[in-house]
Chemist: 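Structure incoming, see below.
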Amino acid sequence: MQMIIDGKMVDKKEKIKVFNPANDEVVGQVPLGNKNDLKKAIMAANRSKKDLNEISSRKISMALDDIAQELSKNWKDFSRSLTLESGKPIKASRDEVKRSIETLKLSAEESKRIYGETIPLDAGIGGKGFIGFTLKIPLGVVGAITPFNYPLNLAVHKLAPALAAKNAVILKPSLQAPLSILKLLEIMYPYFPDGAVNTVTGRGSEIGEEMVTSEYIDKISFTGSVETGKLISRQASMKKITLELGGNDPLIVLEDADLEKAVEGAVRGSYLYAGQVCIAVKRLIVDEKVADEFSALMVKETRKMKIGDPLDPKTDVGPLIDEKAASDVEKVVAEALNEGAELLCGGKREGNYYSPTVLDQVTPSMKLVSEETFGPISPIIRVNGVDEAIQIANSTPYGLQSSIFTSNIHHAMQAAKEIEAGSVMINKQSTFRTDNMPFGGFKMSGMGKEGVKYAVEDMVRTKLVVINTS
Ligand code: NAP
C-alpha cells in the first residue's frame with residue numbers, strides 16, 4: 001500500500017508492518033511517512049482548493065455515489081481486509097463495510113443540500129432597504145486523524161462530508177489498521193483534482209503536532225482516545241476542531257425492565273468487537289431487586305459467545321488489537337477482583353484473546369469502571385432505584401452514549417433528561433448508531449458532532465452578503 005500526495009501514489013523505503021491480531025502474522029505494510037511528506041500534502045491540498053471549488057455540487061455528489069458503488073462491488077475484499085488487520089469478527093467487518101457505503105451515499109445526498117438562508121435585515125435598526133443572504137463556503141483543508149477500531153467507516157465519516165462540502169482532505173489513519181482505508185483512498189482520489197485527497201501514513205507522535213498546528217489546515221477532525229484528544233485540543237489553539245473521544249457507556253436496568261431484552265442488549269453491547277468500541281456497554285448498573293436474576297442470565301448468554309478465528313462467520317468474539325491491550329484488560333480485572341469484585345465467568349487471557357467476562361459486586365471507584373476499559377467485560381454495579389442509577393451513570397468524566405431499560409415512562413424520561421451524555425437510548429443498548437444520526441459525546445468524550453449532516457455543518461463557514469437596494 002502507498003500514501004497519496006498531490007494526486008500521486010507515494011512510497012517510502014522505510015515501512016511499517018501491519019499485523020493480524022489473531023495470529024500476529026504480517027498482513028501488509030505501509031510507507032512510514034514523515035513531516036516532509038505531510039508538508040507536501042498540506043501544500044498540495046491548499047493548491048487544490050480552487051479546482052475543487054469549481055466542480056459543481058452535482059458532480060461531487062455523483063463522484064461520492066460512484067465511490068459507494070465501487071466499495072459495494074468489492075465488499076467481500078474490504079470485509080476480509082478489515083478482519084485481517086483489526087481482528088474484528090468477519091460479520092462485524094461486513095457491517096462496517098455496509099455502513100461505509102451508507103456513509104458515502106449519505107454524503108452524496110448531503111452535498112446537494114449545502115445552502116444558506118435569506119436574512120430579514122430590515123427587521124434590525126438601520127436595516128431598511130437592505131437584502132441579505134448567507135453562503136455556506138468550504139473551510140479549505142480538513143485534517144482527519146482516525147483510530148484502529150473502525151478504521152474504514154470512521155475515516156469515511158470525515159473524508160466524505162469534507163469532500164461533500166468541497167474541502168480538500170489529508171487523512172492520517174491509525175498505523176495499527178491502515179490497509180482497508182488506503183485501498184478505498186486509491187479508489188477515491190482519481191475522482192477529485194490532484195491534491196484534494198491525500199493520506200500520510202506517519203506516526204501520530206511524529207507528524208501529529210505538525211498537522212494540528214499547521215496554519216494551512218483549517219480544521220482537525222479527530223477520533224481516538226481522550227489522552228490524544230486533550231493533547232490535540234491544547235495544540236490546536238484557535239483552529240476549528242471536532243473531537244470524538246473515548247466512552248464509558250452505562251446500561252441501566254431498573255426493576256421493571258424486560259430482563260431478556262436488557263440482557264440481549266448488554267451482551268451485544270459488551271462483546272461487540274471484543275468491547276473495543278467507543279460506544280460499547282462498559283458498565284451495567286442494575287437495580288438490586290433484579291440483579292441476581294439479571295446476572296444469572298448474563299452468565300448464561302455470555303457462555304454462548306463463540307470465541308475464535310475472526311474470519312469464521314460464526315465467531316462472536318475475536319482477539320484484542322494486540323497483546324498489550326489484552327494484558328491491560330487482564331490487569332484491570334485482577335485489580336477489581338483484589339478490591340472485592342466477584343468473577344462470575346470468563347476472566348482468562350490467551351495471547352491477544354481475552355474471554356468474555358461477567359463480574360458482579362463491582363463498585364464505581366474501581367479502575368475497571370471509572371476509566372474506559374477496552375475489552376469484553378460486563379461489570380455489574382448494584383444500585384437501589386433510578387436516582388442512584390443515574391447518579392452512578394454520571395459519576396465518570398465520560399459522556400458518550402448511554403442506555404436505560406425500563407417499562408416506566410417517567411423513569412425513562414428522567415434518564416433522558418438527567419444522564420450527561422450525547423445520547424440516551426431507551427430499551428436499546430448504547431452501541432446503537434445509524435450513520436445519519438447526530439453522534440458525539442459530552443464531557444471528556446469530546447466536542448462537536450458527526451453523522452453526515454452534522455459533520456458537514458462543521459466543515460463549512462457562513463458568509464453574509466448584503467445588497468443595498470436603495
Ligand atoms: P489513539 O491512540 O488516540 O490514536 C488515534 C489516532 O491518533 C491514531 O491515528 C494515532 O496515530 C493518532 N495519534 C497518536 N498520537 C498523536 C498525536 N500526538 N497527535 C495527533 N495524532 C496522534 O486511539 P486508538 O487507540 O487508536 O483508538 C481507541 C480510542 O478511540 C478509544 O479511546 C475509543 O473510545 C476512541 N474512539 C472514539 C470514537 C468516537 O467516535 N467517540 C470512535 C472510535 C474510537 P498512530 O496510530 O500513529 O499512533
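Both counts, for ligands and for their atoms, begin at 1 and track the order of listing. For clarity, every value in this text was computed on a predicted model and none was experimentally measured.
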Chemist: For atom 17 (C) of ligand 1, which protein heavy atom lies nearest, and how many Å away is it?
Modeler: G204 O, 3.4 Å
Chemist: What atoms of ligand 1 come within less than 4.0 Å of a heavy atom belonging to P147?
Modeler: 5 (C), 24 (P), 26 (O), 27 (O), 43 (C), 44 (C)
Chemist: Judged by atom type as modelled, is there a donor-acceptor pair below 3.5 Å linking the side chain of K239 to the main-chain atoms of S214?
Modeler: yes
Chemist: Checking side chain to side chain contact (heavy atoms under 4.5 Å, CB included) against S61, which of K112, K105, E110, E109 comes through?
Modeler: K112
Chemist: Is there side-chain contact between K98 and W75, with at least one heavy-atom pair below 4.5 Å?
Modeler: no
Chemist: With nothing but distance in play, are any N or O atoms of E372 less than 3.5 Å from an N or O of ligand 1?
Modeler: yes
Chemist: Per the side chain to side chain contact (heavy atoms under 4.5 Å, CB included) rule, which among L175, I16, L32, I181 passes with T201?
Modeler: L175
Chemist: Counting only heavy atoms not in R461, do more than 12 sit closer than 6.0 Å to its CZ atom?
Modeler: yes
Chemist: Tell me: protein heavy atom nearest atom 41 (N) of ligand 1, and distance?
Modeler: L245 O, 2.7 Å
Chemist: Show which atoms of ligand 1 fall inside a sub-4.0 Å distance from at least one heavy-atom site of I145.
Modeler: 6 (C), 7 (O), 9 (O), 12 (C), 20 (C), 21 (N)
Chemist: Give the numbers and elements of all ligand 1 atoms closer than 4.0 Å to a heavy atom of F222.
Modeler: 3 (O), 5 (C), 6 (C), 7 (O)
Chemist: Could you tell me which atoms of ligand 1, counted from 1 in the order shown, lie closer than 4.0 angstrom to a heavy atom of R203?
Modeler: 47 (O)
Chemist: F148 near ligand 1, heavy-atom distance under 4.0 Å?
Modeler: yes
Chemist: Tell me the protein heavy atom at minimum distance from atom 23 (O) of ligand 1, and give that distance in Å.
Modeler: S225 N, 3.4 Å
Chemist: Consider side chain to side chain donor-acceptor pair (under 3.5 Å). Of T357, D316, T302, which one does Y271 pass it with?
Modeler: T302
Chemist: With atoms numbered from 1 as shown, which atoms in ligand 1 lie under 4.0 angstrom from a non-hydrogen atom of L154?
Modeler: 42 (C), 43 (C)
Chemist: Tell me: protein heavy atom nearest atom 39 (C) of ligand 1, and distance?
Modeler: C278 SG, 3.4 Å
Chemist: At what distance is the nearest protein heavy atom to atom 16 (C) of ligand 1, and which residue and atom is it?
Modeler: T228 CG2, 3.4 Å
Chemist: Please name the pair of heavy atoms, one in S395 and one in P364, separated by the smallest distance, quoted to 0.1 Å.
Modeler: OG-CB, 4.4 Å
Chemist: Hey, is NZ on K348 packed in by over 12 heavy atoms from elsewhere, all under 6.0 Å?
Modeler: no
Chemist: Does atom 45 (P) of ligand 1 have a protein non-hydrogen atom under 4.0 Å from it?
Modeler: yes
Chemist: Starting from atom 40 (O) of ligand 1, which protein heavy atom do you reach first, and at what distance in Å?
Modeler: F439 CE2, 3.2 Å
Chemist: Any atoms of ligand 1 less than 4.0 Å from a non-hydrogen atom of L231? List them with their elements.
Modeler: 18 (N)
Chemist: I'd like to know whether ligand 1 has G441 as a neighbour, heavy-atom separation below 4.0 Å.
Modeler: no
Chemist: My understanding is that only one of V156, L106, I101, L104 makes a side chain to side chain contact (heavy atoms under 4.5 Å, CB included) with D435; could you say which?
Modeler: L106
Chemist: For atom 9 (O) of ligand 1, grab the closest protein heavy atom and report residue, atom and distance to one decimal in Å.
Modeler: T146 O, 2.8 Å
Chemist: Relative to ligand 1, is V226 under 4.0 angstrom through side chain, backbone, both or neither, heavy atoms considered?
Modeler: neither
Chemist: Using a 4.0 Å cutoff against the non-hydrogen atoms of S174, which atoms of ligand 1 qualify?
Modeler: 9 (O), 46 (O)
Chemist: So is K183 actually on top of F78's ring, under 6.0 Å and inside 45° of the axis?
Modeler: yes
Chemist: Should S445 and E372 count as side-chain neighbours, where that means a heavy-atom distance under 4.5 Å?
Modeler: no
Chemist: Would you kindly specify which portion of Y150 sits under 4.0 Å from ligand 1, judged on non-hydrogen atoms: side chain, backbone, both or neither?
Modeler: neither
Chemist: What heavy-atom pair brings P151 and E85 nearest, and what distance separates the two atoms?
Modeler: CG-OE2, 4.4 Å
Chemist: Salt-bridge test for D6 and R47: reply yes if a basic N is under 4.0 Å from a carboxylate O, no otherwise.
Modeler: yes
Chemist: Once you restrict to heavy atoms under 4.0 Å, what part of L400 touches ligand 1? Side chain, backbone, both or neither.
Modeler: side chain
Chemist: Is it the case that ligand 1 has an N or O less than 3.5 angstrom from some N or O of F374?
Modeler: no
Chemist: If you measure every N or O of G208 against every N or O of ligand 1, does any of those distances drop under 3.5 Å?
Modeler: no
Chemist: Yes or no: does P173 have any heavy atom under 4.0 Å from an atom of ligand 1?
Modeler: yes
Chemist: Is it possible for you to check whether K39 lies under 6.0 Å from the centre of the six-membered ring of Y216, through NZ or CZ, and within 45° of that ring's axis?
Modeler: no
Chemist: Would E301 and K304 count as a salt bridge (Lys or Arg N to Asp or Glu O under 4.0 Å) here? Give the steps.
Modeler: CA-CA 5 Å; E301 294 305 312; K304 289 183 189 164; 3.0 Å; yes
Chemist: Which heavy atom of the protein is the closest neighbour of atom 10 (C) of ligand 1, given with residue, atom name and distance?
Modeler: K172 CE, 4.0 Å
Chemist: Quick check: are there more than 12 heavy atoms from other residues, nucleotides or ligands sitting under 6.0 Å from NZ of K49?
Modeler: yes
Chemist: Under 4.0 Å from ligand 1, counting heavy atoms only, is it the side chain of V212, its backbone, both or neither?
Modeler: neither
Chemist: Near N149, which atoms of ligand 1 are under 4.0 Å from a heavy atom of that residue?
Modeler: 43 (C), 44 (C)
